[in-house]
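Before any comments, here is the structure.
Just so you know, ligand 1 is whichever comes first in the structure, and atom 1 is the first atom listed for that ligand.
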Amino acid sequence: VNIGVIGPGAMGCLLAGRLALSGQEVILLDHQEQRADLVDQEGLTIEGIKGPFRIQVPVTVDAQRLSKADIILICVKAYDSRIVAQTMQKVNQEATCLTLQNGVGNMEQLGAYLPRRNILGGITSHGATFLGPGHVRHAGEGETFIGCGYPEESGLEEQSQKLEAARQMLNQAGFITQIVPRIKNLIWSKLLVNVGINALTALTRLRNGDLINYPGTLSILEEAVQEAIRVGKNKGIEFIFEEPLAQVKKVCQLTSANISSMLQDVLRKRRTEVDYINGVIMEEGARARIPTPVNTVLTRLVKTLEASYDQVAVWEAP
Ligand code: KPL
């Protein structure tokens with residue numbers, strides 16, 4: 001199969017690198033010409049698990065080069081999903097589109113522009129840290145689950161063919177992947193993890209594991225996740241973990257040395273995905289009249305942090 005990966009961030013580079021290393025045909029789409037040229041010439045460097053290795057992958061800013069792709073992996077930040085969907089609408093509507101992005105709302109954005117029968121959703125708990133253009137550290141291994149984004153839009157046979165092709169592609173690259181019938185429950189289950197960890201690490205600059213070592217962050221994490229559980233249950237979400245809060249704490253332990261993706265964004269003074277994580281709980285909570293004070297505060301603080309990147313006051317003790 002001919003694979004397109006959109007977004008040369010930590011996950012995009014990791015996936016493109018490992019897919020290419022396993023002998024599959026991959027092309028990586030970037031939107032920054034200079035960076036694309038650099039990585040196209042120098043290749044991808046992947047450290048950490050199974051690394052370090054360097055692998056040549058074609059990188060382009062020309063979306064047309066994905067017009068023949070059979071499958072496209074969407075690895076941009078959640079706030080860029082719409083522009084990617086609009087681009088692919090012009091370039092290639094036939095490809096299967098797989099999103100493994102963080103947050104809620106990505107499948108919906110893709111489904112607004114692309115044939116819904118082609119949209120697959122998924123979650124992955126592989127940890128990847130961006131070290132520089134084309135340079136990432138594979139920080140932690142985890143499971144990957146995929147499922148149809150819109151199971152009602154196509155026949156069972158078509159769905160299982162698409163899912164099986166995506167699973168084989170990922171498995172061949174060493175990302176052990178399982179197929180599930182309803183991906184929404186998984187996306188919301190992963191959302192709980194990001195609700196508990198991401199904003200708090202971005203605000204405190206702690207690593208994931210430290211959040212449960214301090215009573216202050218531990219109780220904020222617990223309250224944020226409990227609000228999200230209430231909002232999700234009200235929407236009919238069936239969380240895949242028996243004890244979702246215990247699972248979030250387990251992920252803190254399992255990824256204890258990780259710098260969460262939101263803290264990575266803040267350290268690089270980039271926009272974060274808070275609107276698609278804690279912001280979703282805040283908004284869905286307001287719609288359903290479920291109070292979400294903790295997620296509201298977390299969202300507003302992270303938005304303030306983003307808005308004040310260039311205005312950091314440094315106070316010196318007298
Ligand atoms: O998904 C993650 C992220 O950083 O976005 C976790 C699971 C919290 C790992 O760091």
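Between the side chains of N106 and S81, a donor-acceptor pair is found at a separation under 3.5 Å. Side-chain atoms of E306 and T272 form a donor-acceptor pair, as typed in the model, at a separation below 3.5 Å. Of the N and O atoms on the side chains of N102 and K190, at least one donor lies less than 3.5 Å from an acceptor on the other residue.
The protein heavy atom nearest to atom 8 (C) of ligand 1 is N198 OD1, 3.5 Å. Given atom 1 (O) of ligand 1, the protein heavy atom at minimum distance is N194 ND2, 3.1 Å. Atom 4 (O) of ligand 1 has as its closest protein heavy atom S261 N, 2.8 Å. The protein heavy atom nearest to atom 10 (O) of ligand 1 is N208 ND2, 2.9 Å.
Of all the atoms in ligand 1, the ones that sit under 4.0 Å from a non-hydrogen atom of K190 are 1 (O).
Of the polar atoms of N102, at least one N or O is found under 3.5 Å from an N or O of ligand 1, judged by distance alone. Here's the thing with S260: none of its N/O atoms is less than 3.5 angstrom from an N/O atom of ligand 1.
A salt bridge between E227 and R230 is absent, with no side-chain N of the basic residue lying under 4.0 Å from a carboxylate O of the acidic one. Taking a cutoff of 4.0 Å between a charged side-chain nitrogen and a carboxylate oxygen, K249 and E222 qualify as a salt bridge.
The aromatic rings of H126 and H138 lie tilted to each other, with the angle between the two planes from 30° to 60°.
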